[in-house]
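To start, the structure itself, in structure tokens.
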Amino acid sequence: SSATPFLLLAYLGPLIRNITPNGVTLADYVRQKMGRPMQLYVGVISLIYMFTFMFAEYIAIGRAVEFLSGIDFLIPIIYVAIVTTSYTVIGGLPVSIKTDRIQSFFIIWLIICIIVLIFNEGLGKTFDDAKAYTPEHLTYDEWHWEHGSISDYSTFEAGLALVLAITAAEMFSQGNWQRTWASKDTEALQKGALLASVLCFIAVLLFGFLGTVAAGRGALSDPSIAFFELIRNYSEPVLAMFLVLGVALVCSSIDTLQNAVVAVVSRDLADSKLDIIQAKYVVVATAPIAIFLAWFYADEALSVFRIFLIADLFAAATVLPIFLSLSDRVTANGGLVGAIFGLISVVIYGAYTSDLQTGIDYLTNPVNDYGLANLDVFLSALIGSALVTIIVSEIENSQS
């Protein structure tokens, strides 16, 4: 789910850039194809998703530094915010792209270090821990939980749901689309997107694998710092190196998100009516809002997960109508009605399988009985939106 958006970007990006050569965000293309109301709708979805991503990143680095050093988690968050906001205000997207190049070397180095870490722990022991269940048995209501094993496929559907959900949502991450229009040419865009896809796949696969290793050694009070739990007994220089790498990763994400949020606010929500000074004010304003949200949700990992899922669901209901509009047979009304019906499809699915209230609840909590992402809910949004987009468009085409 981290790699697939870049694969889509490699092939859809050039098409959309050719149709909207002066665009900055995906919503610029949406406005050209579907009008101003749909541009606003896409802008709001993008903003919710990216802000959640931003304060989740803050929580991650704050918790990591606090765990390894004892420093209050707000301090590293504030420092990261000051640094990224400063150079984003000064240089905007060009500086973000240049710093991303530097930070990419940190990411490659981190991947190498993780591989060395796995071998250093001993391959046999590491894989045994990955295949082991969490030693503690956790009880949640009437359900008896044994979780964390890489050999357990019982949550495969939830994993597939996340692939669909995150792929859809990442198509609304405007930092990717800014780079689509900023790229030198189609060849450069495709090379960059494919390389990003490969690196994301490797990095996230390694971290996910180490998550199962950590679970096999015992339940954690804060699973988000599972990686740092594994290295906590390493020497201080090694821990310091990993912290630097972690900060580089977060800075790379934060400056991209800040630029993207400003683009959405100035282009999509304000209809390109903000000048450069006002846009810089927006950059500065994003930091304290995200810091407050990070502080507010610091101990509510499930709440953050559900906010992500809500944004993912709205994205899933909207993504196919947008990309189907690459066809000249798809009309503006067809795309708009399809996106709305994608959400209605979720309610219909809930009402059919249980009752109307369940269907309505899925819109704000699209999970199954185990609290995991509900594959059927996301499939309902995707399939319903696509079918209605095509049907309404064909009806309008037949009448014209």
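When atom types are taken as modelled, the side chain of Gln178 and the backbone of Val24 share no donor-acceptor pair closer than 3.5 angstrom. The backbone N or O of Ala193 lies less than 3.5 Å from no partner atom in the side chain of Ser197, so there is not a single donor-acceptor pair.
Note: Phe55 and Tyr297 have parallel aromatic rings, judged against thresholds of 30 and 60 degrees for the angle between ring planes.
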Intermediate values then yes/no, side-chain contact (heavy atoms from CB on, under 4.5 Å), Leu320 and Thr389:
CA-CA 9 Å; Leu320 288 182; Thr389 296; over 6 Å; no
Let me see the working for Leu293 and Tyr58 under side-chain contact (heavy atoms from CB on, under 4.5 Å), right down to the final yes or no.
CA-CA 9 Å; Leu293 290 171; Tyr58 279 145; over 6 Å; no
Please determine whether side-chain contact (heavy atoms from CB on, under 4.5 Å) holds for the pair Trp109 and Met241, giving the CA-CA distance in whole Å, both sets of side-chain angles, and the decisive distance to 0.1 Å.
CA-CA 10 Å; Trp109 178 239; Met241 179 193 70; 3.6 Å; yes
Decide yes or no on side-chain contact (heavy atoms from CB on, under 4.5 Å) for Leu309 and Leu162, but give the supporting numbers first.
CA-CA 9 Å; Leu309 283 184; Leu162 285 180; 4.1 Å; yes
Does the pair Thr20 and Arg31 meet the rule for a side-chain hydrogen bond (donor to acceptor under 3.5 Å, both in side chains), with working shown?
CA-CA 10 Å; Thr20 315; Arg31 179 169 188 169; over 6 Å; no
Step-by-step side-chain hydrogen bond (donor to acceptor under 3.5 Å, both in side chains) determination, Asp361 to Thr358:
CA-CA 5 Å; Asp361 290 342; Thr358 300; 5.5 Å; no
Please test Lys280 against Asp275 for salt bridge (charged side-chain N to carboxylate O under 4.0 Å, His left out), starting from the C-alpha separation and ending with a verdict.
CA-CA 9 Å; Lys280 289 183 176 181; Asp275 59 33; over 6 Å; no
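Heavy-atom minimum distance, Arg267 versus Asn22: NH2-O, 3.4 Å. Between Ala56 and Val304, the shortest heavy-atom contact is CB-CG1, 4.1 Å. The two residues Val388 and Gly338 make their nearest non-hydrogen contact at CG1-CA, 4.0 Å.
Counting heavy atoms of neighbouring residues, nucleotides and ligands inside a 6.0 Å radius, atom CD of Glu396 exceeds 12 of them.
Glu157 is not listed as a side-chain neighbour of Leu160, based on a closest heavy-atom distance of 4.5 Å or more.
For residues 154-213, the pairs satisfying ring pair (Phe, Tyr, Trp, His ring centres under 6.0 Å) are Phe127-Phe209, Phe207-Phe227, with sequence neighbours left out.
Using a 3.5 Å distance cut-off with no hydrogens or angles, the side chains of Thr126 and Asp129 do not pair a donor with an acceptor.
Look at Lys98 and Asp255 and you find no salt bridge, because none of the NZ, NE, NH1 or NH2 atoms lies under 4.0 Å from a carboxylate O. Comment: Arg17 does not engage Asp28 in a salt bridge, judged by the lack of any side-chain N to carboxylate O separation of less than 4.0 angstrom.
In this structure, the ring of Phe292 has its center less than 6.0 angstrom from the ring center of Trp295.
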